[in-house]
Amino acid sequence: MIILTGPQTSADERGDLDEMAGLLDARLTCSTDVVWADVTAFYCMDGWERCPLATADVGVARAFGLPITRVHR
């Protein structure tokens, strides 16, 4: 399972996140069907550092030992 996080504090950012998830065939970390133990790839969009939700997602990914791939808009 591929998951994606990124900045999500505005409607535009959430739209960008949804669009990128579609392009990557990824689920968003906030999806209700994400099982972290099943995650095989973790992507984060530029600007994730300024969003508390995305920062938490990256922390969980690191705790699971997942490599983190940055995605540019």
Side-chain angles (χ1 to χ4, degrees):
M1 173 188 306
I2 300 169
I3 58 174
L4 171 72
T5 194
Q8 42 197 296
T9 55
S10 70
D12 286 341
E13 288 176 340
R14 288 186 297 276
D16 290 344
L17 198 58
D18 284 335
E19 182 178 352
M20 187 60 72
L23 292 171
L24 294 171
D25 194 25
R27 293 187 178 116
L28 298 177
T29 53
C30 60
S31 297
T32 58
D33 62 346
V34 169
V35 177
W36 280 89
D38 295 338
V39 174
T40 56
F42 181 85
Y43 292 87
C44 61
M45 290 181 63
D46 287 337
W48 67 269
E49 306 92 343
R50 68 178 189 276
C51 176
L53 295 172
T55 301
D57 294 337
V58 169
V60 173
R62 286 182 177 148
F64 274 93
L66 294 167
I68 298 169
T69 304
R70 303 227 22 196
V71 177
H72 306 283
R73 293 181 202 188

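Here M1 contributes atom CE and F42 contributes atom CZ; the two are 13.0 Å apart, rounded to the nearest 0.5 Å.
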Check: residues 47-60 side-chain donor-acceptor pairs under 3.5 Å, at least two apart:
residue	atom	partner	partner atom	Å
E49	OE2	R70	NH1	3.3
E49	OE2	R70	NH2	3.1
R50	NH2	E13	OE2	2.8
T55	OG1	C51	O	2.9
D57	OD2	T5	OG1	2.6
D57	OD2	T29	OG1	2.6

Just distance, no hydrogens or angles: give the donor-acceptor pairs under 3.5 Å from side chains in residues 14-24, sequence neighbours left out.
residue	atom	partner	partner atom	Å
R14	NH1	Q8	O	3.2
R14	NH1	S10	O	3.4
D16	OD2	R73	NH1	3.3

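In terms of the salt bridge (Lys or Arg N to Asp or Glu O under 4.0 Å) criterion, D25 has no residue partners (sequence neighbours excluded).
Of all non-hydrogen atoms in V34 and R27, the two that sit nearest each other are CG2-CB, 4.2 Å.
When side chains are defined from C-beta on, I2 counts as touching Y43, because their heavy atoms get closer than 4.5 Å.
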